[in-house]
Amino acid sequence: MKFAIVVFPGTNCDVDCFHVITQVFGQPASYVPHYSTELGDSECVILPGGFSYGDYLRAGAIARFSPVMEPVADFARAGGQVVGICNGFQALVEAGLLPGALLPNPGGFRCEWVNMLVGDNRADALNAATPGQVLRMPIAHGEGRYHIGADEFTRLERNRQVVLRYCRSDGQITPDANPNGSVGNVAGVCNEAGNVFGLMPHPERCSEQSLGGTHGRLVFQSLLSQVAMLR
C-alpha cells in the first residue's frame, strides 16, 4: 500500500509519519509538496501535524488554499483514504472535507498524553479498534478546541461521525478529561462516508513501545486492512 504524505511550509511531523509507515509497517511512502497538483498512484493520503504557513490567520487556513488540496479533495470525494493529524485535521476542516471548526484552546498550548474513548464509529481509519476501547495518545496543539453548532453536533452523533472523545483512563467522558474545551469532548471525527478522518492526537508518536505506547498503530493497521479489502 502506497502512502502520500503531504508537506506544507511549516509541517514538522512528516518525517515521523514516514518512519512509522516505512520502518514500522514496511509500506512505501512518498512526500508530496504543497505545490503539487497530483498524488500519483497513492492509496492513502496523510496530512501530518505541524504549523503550516506558521498558522497565520488560524491553523490550516492558508494550507487549505495550497494547490495540493485540490487533488486531495478529489481523492477524498472518490472514496480514497485521507487522514489529517493535528494540523492536518485543521487543514481538512478548513477545506470543508470535515465538519466543524478548530479554535484556540482556552488554556493555551497543550502537550501531554490523553485518553480517548472509541465511539461506535464509521471511520475506516479506526476499524481495527473496538467501540468502547480506551486509547492513549499524545497531543501537542494550541488550536484543538473542536466546535460545531448544536444541531450539527446532534447530526454527527446520529451519523456515528464522532469517532474519538477525550476521557478518563476508565473510559468516563468528563470535563476534567477534556484538555482543550472541545464540544462533547471531541478528539476526532470522520466524514459521512467514513473515508476522511481527522484527529488532534498524534498516532505516529505512539506506534512503538520505545516512545511510551503503541495505540497509534491501530490507525495505520486500520488503513492497511481497509485498502486491502477494496483491492
Side-chain angles (χ1 to χ4, degrees), residues 3-18 31-37 39 42 44-77 80-111 114 123 125 137-149 152-153 156 161-164 166 179-184 186-192 195-205 219:
F3 287 78
I5 301 172
V6 177
V7 182
F8 302 106
T11 295
N12 62 16
C13 298
D14 46 329
V15 176
D16 307 63
C17 289
F18 186 89
Y31 296 115
V32 179
H34 62 102
Y35 52 78
S36 180
T37 57
L39 300 173
S42 301
C44 178
V45 176
I46 304 289
L47 279 70
F51 301 91
S52 59
Y53 297 93
D55 280 349
Y56 291 115
L57 300 182
R58 60 182 178 273
I62 299 178
R64 174 263 180 275
F65 292 103
S66 291
V68 74
M69 290 305 292
E70 184 172 345
V72 169
D74 291 340
F75 182 76
R77 295 187 187 107
Q81 296 297 317
V82 179
V83 176
I85 302 168
C86 196
N87 194 236
F89 182 14
Q90 294 162 339
L92 291 178
V93 167
E94 289 287 340
L97 295 175
L98 287 174
L102 289 156
L103 308 179
N105 305 340
F109 195 89
R110 299 293 294 266
C111 183
V114 297
M137 296 185 192
I139 59 170
H141 59 253
E143 296 181 43
R145 179 163 59 97
Y146 187 77
H147 175 77
I148 196 169
E152 292 89 347
F153 185 63
L156 288 187
Q161 292 175 248
V162 180
V163 178
L164 295 170
Y166 299 110
N180 52 31
S182 290
V183 61
V186 171
V189 300
C190 68
N191 65 346
E192 290 189 19
N195 64 301
V196 181
F197 171 44
L199 72 166
M200 288 310 298
H202 288 265
E204 80 283 4
R205 296 183 184 179
V219 172

Enquirer: CG of Leu98 to CZ of Phe197: how many Å apart, nearest 0.5 Å?
Expert: 9.5 Å
Enquirer: Hey, could you give me the CD/CZ distance between Glu143 and Arg110, rounded to the nearest 0.5 Å?
Expert: 15.0 Å
Enquirer: Can you tell me if Arg145 uses its side chain to pair, donor with acceptor, with the backbone of Pro104 under 3.5 Å?
Expert: yes
Enquirer: Using only atom types and a distance under 3.5 Å, with no angle test, would you say the side chain of Ser182 pairs donor to acceptor with the backbone of Gly144?
Expert: yes
Enquirer: Once ring pair (Phe, Tyr, Trp, His ring centres under 6.0 Å) is applied, do any residues pair with Phe75, and if so which ones, sequence neighbours excluded?
Expert: none
Enquirer: Once rounded to the nearest 0.5 Å, what's the spacing between atom CG of Leu97 and atom CE of Met69?
Expert: 5.5 Å
Enquirer: Determine yes or no for a side-chain-to-main-chain donor-acceptor pair under 3.5 angstrom, with Glu94 supplying the side chain and Arg64 the backbone.
Expert: no
Enquirer: Tell me if the CD atom of Glu70 is crowded by more than 12 foreign heavy atoms within 6.0 Å.
Expert: no
Enquirer: How many angstroms lie between atom CD of Gln161 and atom CD of Glu192, to the nearest 0.5 angstrom?
Expert: 5.0 Å
Enquirer: Once rounded to the nearest 0.5 Å, what's the spacing between atom CD1 of Ile62 and atom CG of Leu57?
Expert: 4.5 Å
Enquirer: Just by modelled atom types, is the Ala63 backbone N or O under 3.5 Å from a matching donor or acceptor in the Ser66 side chain?
Expert: yes
Enquirer: Heavy-atom count check: over 12 atoms from other residues, nucleotides or ligands less than 6.0 Å from Phe109 CZ?
Expert: yes
Enquirer: Less than 3.5 Å apart, any donor N or O on the side chain of Tyr146 or Asn180 sitting next to an acceptor on the other?
Expert: no
Enquirer: Quick one: do Ile5 and Val15 satisfy side-chain contact (heavy atoms from CB on, under 4.5 Å)? Show the steps, please.
Expert: CA-CA 9 Å; Ile5 301 172; Val15 176; over 6 Å; no
Enquirer: Under a 3.5 Å distance rule, please check whether Asp14 uses its side chain to pair with a backbone N or O of Val7 as donor and acceptor.
Expert: no
Enquirer: Taking Asn105 for its side chain and His141 for its backbone only, find out whether a donor-acceptor pair lies under 3.5 Å.
Expert: yes
Enquirer: Filter on side-chain hydrogen bond (donor to acceptor under 3.5 Å, both in side chains), then keep only pairs touching residues 4-13, sequence neighbours left out; what's left?
Expert: none
Enquirer: May I ask you to decide if Glu204's main-chain N or O and Asp16's side chain share a donor-acceptor pair within less than 3.5 Å?
Expert: no
Enquirer: Determine yes or no for a side-chain-to-main-chain donor-acceptor pair under 3.5 angstrom, with Asn195 supplying the side chain and Ala76 the backbone.
Expert: yes
Enquirer: Atom CD1 in Ile139, atom OH in Tyr166: separation rounded to 0.5 Å?
Expert: 5.5 Å
